[in-house]
Amino acid sequence: AWCRWPLHVEKVYDITFMDGYLYLVVKRSGLVHLERVAPVREASAPGLNFDPLLDCRTEVTGVYSAETNTTTFTLPFFREGRTDVVLGGSFGNRKGMWLRAENATDNANSQTITFAGNYSGGVAYAGLRYLKLCELSKPYLKDEAGTAIITGRLQLRTMMVSYTDS
């Protein structure tokens, strides 16, 4: 199978692989950023039974305002329209709750993101939502020795795909 990740950037200035990391110089939201990507599975998010798919993922804690009934998270980067927050394991029955950028109550041109409600109960994860696309390899019929038969035409009536941890 082949996988790809759309970058959602305006321009890529440079890409290099150094010391086990992929470095990218990109323009996003009118600003130039140096991105560092580890080409291995990201460390799991403690207390969650899944890993949030967020680029630039960072731990954040919210500050609640009782006056406005909103929680504001401060980010180490300028947020974009796809900056989401996922509540961590310390949020009890709300752990894993996904706060989507579309529901934020402030504008996207800042280093904060604000949501209606109280989400100040612990560590959350903020980052840029992304989509991972996978294209499966072409299926082949195999002979008794396990060698793919590449001649002729394979016609499938039904097909089952088994996957885990998607």
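Computed from a prediction, not measured in an experiment: that's the story for all the values here. Residue indices begin at 1 and follow the sequence shown.
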Any side-chain heavy-atom pair from [X] and [Y] closer than 4.5 angstrom?
X: Thr114; Y: Thr71; answer: no
X: Phe77; Y: Thr83; answer: yes
X: Phe73; Y: Leu99; answer: yes
X: Arg94; Y: Leu87; answer: yes
X: Thr72; Y: Phe115; answer: no
X: Leu154; Y: Leu156; answer: yes
X: Pro52; Y: Arg57; answer: yes
X: Leu75; Y: Val60; answer: yes

**Message:** Does Leu31 have more than 12 heavy atoms from other residues, nucleotides or ligands lying within 6.0 Å of its CG?
**Reply:**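 Counting other residues, nucleotides and ligands, CG of Leu31 exceeds 12 neighbours.
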**Message:** Please check: side-chain N/O of Asp84 versus main-chain N/O of Leu54, any donor-acceptor pairing under 3.5 Å?
**Reply:** no
**Request:** Please name all residues satisfying salt bridge (charged side-chain N to carboxylate O under 4.0 Å, His left out) with Arg100, sequence neighbours left out, ordered by chain then number.
**Result:**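 Per chain and number, Arg100 pairs via salt bridge (charged side-chain N to carboxylate O under 4.0 Å, His left out) with Glu102.
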Hey, could you give me the [atom1]/[atom2] distance between [X] and [Y], rounded to the nearest 0.5 Å?
X: Ile150; Y: Leu141; atom1: CD1; atom2: CG; result: 12.5 Å
X: Tyr125; Y: Thr58; atom1: OH; atom2: OG1; result: 10.5 Å
X: Phe50; Y: Trp98; atom1: CZ; atom2: CH2; result: 6.0 Å
X: Cys56; Y: Arg28; atom1: SG; atom2: CZ; result: 5.0 Å

**Asked** Hydrophobic cluster mates of Leu34, side-chain heavy atoms under 4.5 angstrom, ILVMFWY only, any path?
**Response**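 Hydrophobic cluster check, Leu34: joined to Tyr13, Met18, Tyr21, Tyr23, Val25, Val32.
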Scan [range] for pairs that pass salt bridge (Lys or Arg N to Asp or Glu O under 4.0 Å), counting only residues two or more places apart or in two chains.
range: residues 6-22; result: none
range: residues 62-71; result: none
range: residues 138-155; result: none

**Message:** For Asn118, give me all partners under side chain to side chain donor-acceptor pair (under 3.5 Å), at least two apart in sequence or on another chain.
**Reply:** Ser120
**Message:** Which residue is it: Asp55, Val26, Leu22? I am looking for the one with a side chain to side chain contact (heavy atoms under 4.5 Å, CB included) to Glu35.
**Reply:**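 Only match with Glu35 under side chain to side chain contact (heavy atoms under 4.5 Å, CB included): Val26.
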